[in-house]
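Note sheet for the following structure.
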Number of protein chains: 2
Amino acid sequence: MSTTPPIPARHALTTKGSNREDIRRHNLSAVLTLLSRTGEMPRSALTELTGLNRSTISDLVTELEDLGLVTESEAVTTQGVGRPSLMVSPAEEVVAFAVNPDIDAITVGVVSFSGKVIAKVRQTTAVQPAAATAADIANKLIDQLRKDLPNNYRIAGIGVAIPGQVRHADGVVRLAPHLNWVEVPFARMLQQLSGLPVYIDNDASLGSLAERDFGAGKGFREIVYLFGSAGGIGGGVIHDGIPLRGSAGYAGELGHVRISDSPQEDGSGLTGTLESLVRRDVLLAALGLDNADDEQLAAALAADKSAKVRKIAEAQIDALAIAVGNFVNIFNPEVILLAGYLSTLFSYDPDRLLSRFRWSSLTASQDRMVVRQAALGANLLMVGAAGLALAPLVNAPASTQLTPVRGK
Amino acid sequence: MSTTPPIPARHALTTKGSNREDIRRHNLSAVLTLLSRTGEMPRSALTELTGLNRSTISDLVTELEDLGLVTESEAVTTQGVGRPSLMVSPAEEVVAFAVNPDIDAITVGVVSFSGKVIAKVRQTTAVQPAAATAADIANKLIDQLRKDLPNNYRIAGIGVAIPGQVRHADGVVRLAPHLNWVEVPFARMLQQLSGLPVYIDNDASLGSLAERDFGAGKGFREIVYLFGSAGGIGGGVIHDGIPLRGSAGYAGELGHVRISDSPQEDGSGLTGTLESLVRRDVLLAALGLDNADDEQLAAALAADKSAKVRKIAEAQIDALAIAVGNFVNIFNPEVILLAGYLSTLFSYDPDRLLSRFRWSSLTASQDRMVVRQAALGANLLMVGAAGLALAPLVNAPASTQLTPVRGK
DNA sequence: CGTTATTTGTTGTTTTACTCAACAAAAGGT
DNA sequence: ACCTTTTGTTGAGTAAAACAACAAATAACG
């Protein structure tokens, strides 16, 4: 006798059957996911959050401990009456490498599977690196970081964040304009050099995942993430907790959405798009800056009082507002996350953006929606890319092989 | 040693544990889903498609038979060597009612859970019906159809397709401009009158589901569906096989996406949107038609040779192409389905739309993508709405109660 | 037309992973 | 010191899927 819509059927098209092994995998994954998101947690919390029986949690935690993925310890603080619950923590020794090739540098990091960046190195390159060069540099940096890791550490793999489109089926970089890469099998190249499993995806998509797990999107299931970088505007959409990938993995190109008749071209030659109208370099030039990070840009922007700069900034905010309005109509998200340059732009005049966008989307869709600045800063892509490499482990803890630090 | 991205984690945020009951529910649902989509299927096919064991399928089918949801019969045709497999068919006696209130009429139908429309009645109304009136008419029509159903039929419930925004949390019609309904608890009203469980959702979303299951979207998991009606343009997006709902259920308002600086307003007062630029009534007027269905419109359009009409149609096609390009960039779908008026518009000059849209989206996202006309015609909303009411049954066959045709 | 190979249904047994109940352990409250 | 509360531990119970062995029903083949 319900009048509410039925529960959305997650397995609507999953006409595959399940068996006991699937249950076990799912439950191990549920426990490990909770632990990797929150850092550590008493057993009793696991029991409550998963809805499973005490004895089952005991069994699952024991198995994860045997796999070397978690550790148990006596609780330090007690939270009330009753026997204190054992504290379960994700093992610090399980890590993944994160790789981010960009126009002027290649960044590599080591990230623990609780999302902590253990180490990070960045090597600048003279020009846009060719793919082979980039793979070589990344591999050398990984080797270097690997040497510094204690013997008992184990590696899940390498996650790569690419400023461009990545084909999911085979992990090939379809097109990365700023790197000038076309149809580059970067994952395969790096895998052959390093001998480690390599996973690869678009940088903005990975950023949205990182924000979902560890940043401003924590706890939300419907997220639209917009990331403004020097190169352009990327996007990531999270629907029902999982990222929008599309048929080949190219979904979420929110910067290339046309919102105006303007003949202005964006980085991919499309006109009147968000990316063509909201341009970091234009504002930078207007401010008389040659090179600046987002922090410096924000400071310069706040200090500047000229009408010219204000006009440019406001026009960009207005364009952003239209795009945000569109995305609200399309996705009806719980939260819109603005990152990088867009976060700077938003903070310049939040009210302008908010009031403008209210005029370009349906009122109903705005109910309880919030616009937020992204929380993760410099480590965003490291966390996101490493998370990609750690995903197989978290999804199937018992059947994922880890590589020791030394030797193959 | 994989270089491909990891399998997307469906349960990424589902940190709930599973137990044996979940398995059983999932497997029963998998079998019933397969059957409802394909009509009928030998047991051996079920075994292969689900990946489950022969004996398990036997057990599941027996349970579904006991529940009166499927019937087994000797196979008529044999498909090769070996003992012939038993044919399993969805029970014809399990039905749902579909209700679609619109500007000038209320349509009610009976649909079997294999997607067959058994009966349909339509009652025209003088003016936009008030919600109470609409509920009353719908209830009377349901009663009438119910009388004609055989005694052994059983009813899953009532599914309602609303031309407007429906809040998911409580099934309230947030805003239906053409009906002039605001914050109307239509589901509750109809439930109280009929005594049957009532489920309600946006019409375009339901249309996209119907096309996914029984129409031009069959077999696809990434679908963008655009529906042009007399009232405006609605949309439905299917991601990874499940509909995009958003936080409150308002996602998929694709008609209200701004693509131009034009001051032209749409039905919700937004300017430069797809709906404001692609207007059925404008073309109808240009053709000198007062009232016509899509078929008549298509015929008139094909017959007309005036430059004026051609110019209007082409401008609308161009606007549609921009929107389609945007959606391709955003969703990277496998297929774009055009329904209703948009299907008519597309068929007027398919090449124009296709060539234009290729210039307004990224090339990579166009790989292997197709634009198609929707396949389900007049029965679209009946199938979609009934599917909504049948979803709980298909998702949890063992724990969903059905109502007999006679008596409460 | 009988024999054989192949596929499927059926039946009984085995296995696995979760639940449940009973009890012990460790805390706070009185 | 004793009770209450919460949690961990252990062993028994259980549901559901897999598996193995056999029977049944077909096509293919000589």
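Below, chains carry the letters A, B, ... as their sequence lines are ordered, and counting in each starts from 1. Hydrogens, waters and symmetry mates are skipped; everything else that's a heavy atom, side chains included, is used.
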Side chain of B:L60, heavy atoms from C-beta onward: which of D:dT6, C:dG9, D:dA17 has the nearest atom to it? D:dA17
Which nucleotide in D:dA24, C:dT19, C:dA26 has an atom nearest any side-chain atom of A:N53: C:dT19
Report yes if a side-chain nitrogen or oxygen of B:R24 is closer than 4.0 Å to either non-bridging phosphate oxygen (OP1 or OP2) of D:dA17; otherwise report no. yes
Closer than 4.0 Å, any side-chain N/O of B:S44 to the OP1 or OP2 of C:dT7? no
Assert: residue with more 5' nearest nucleotide on DNA chain C, out of A:I23 and A:P84, is A:I23
Any side-chain donor-acceptor pair under 3.5 Å between A:S89 and A:E40? yes
Tell me which of A:V81 and A:L52 sits closer to the 5' end of DNA chain C, going by the nucleotide each one is nearest to. A:L52
Whole Å only: how far is the CD1 atom of A:I57 from the P atom of D:dT9? 13 Å
With respect to the phosphate group of D:dT7, does any side-chain polar atom (N or O) of A:T47 fall under 4.0 Å of OP1 or OP2? no
Stepwise side chain to side chain contact (heavy atoms under 4.5 Å, CB included) check, B:L86 with B:E74: CA-CA 5 Å; B:L86 295 175; B:E74 308 269 314; 4.2 Å; yes
Check whether the side chain of B:S55 and the base of D:dC19 form a donor-acceptor pair under 3.5 Å. yes
D:dA18 phosphate, OP1 or OP2: any side-chain N/O from B:T56 under 4.0 angstrom? yes
Pair B:D240 + A:R245, salt bridge at N-O below 4.0 Å: no
Counting only side-chain N and O atoms of A:N27, is one of them less than 4.0 Å from OP1 or OP2 of C:dA17? no
Look at B:R43 together with B:E72 and state whether they make a salt bridge at an N to O cut-off of under 4.0 Å. yes
So, is B:S58 close to the C:dT10 phosphate, meaning a side-chain N or O under 4.0 Å from OP1 or OP2? yes
Is the distance from OP1 or OP2 of D:dT9 to the nearest side-chain N or O of A:R43 less than 4.0 Å? yes
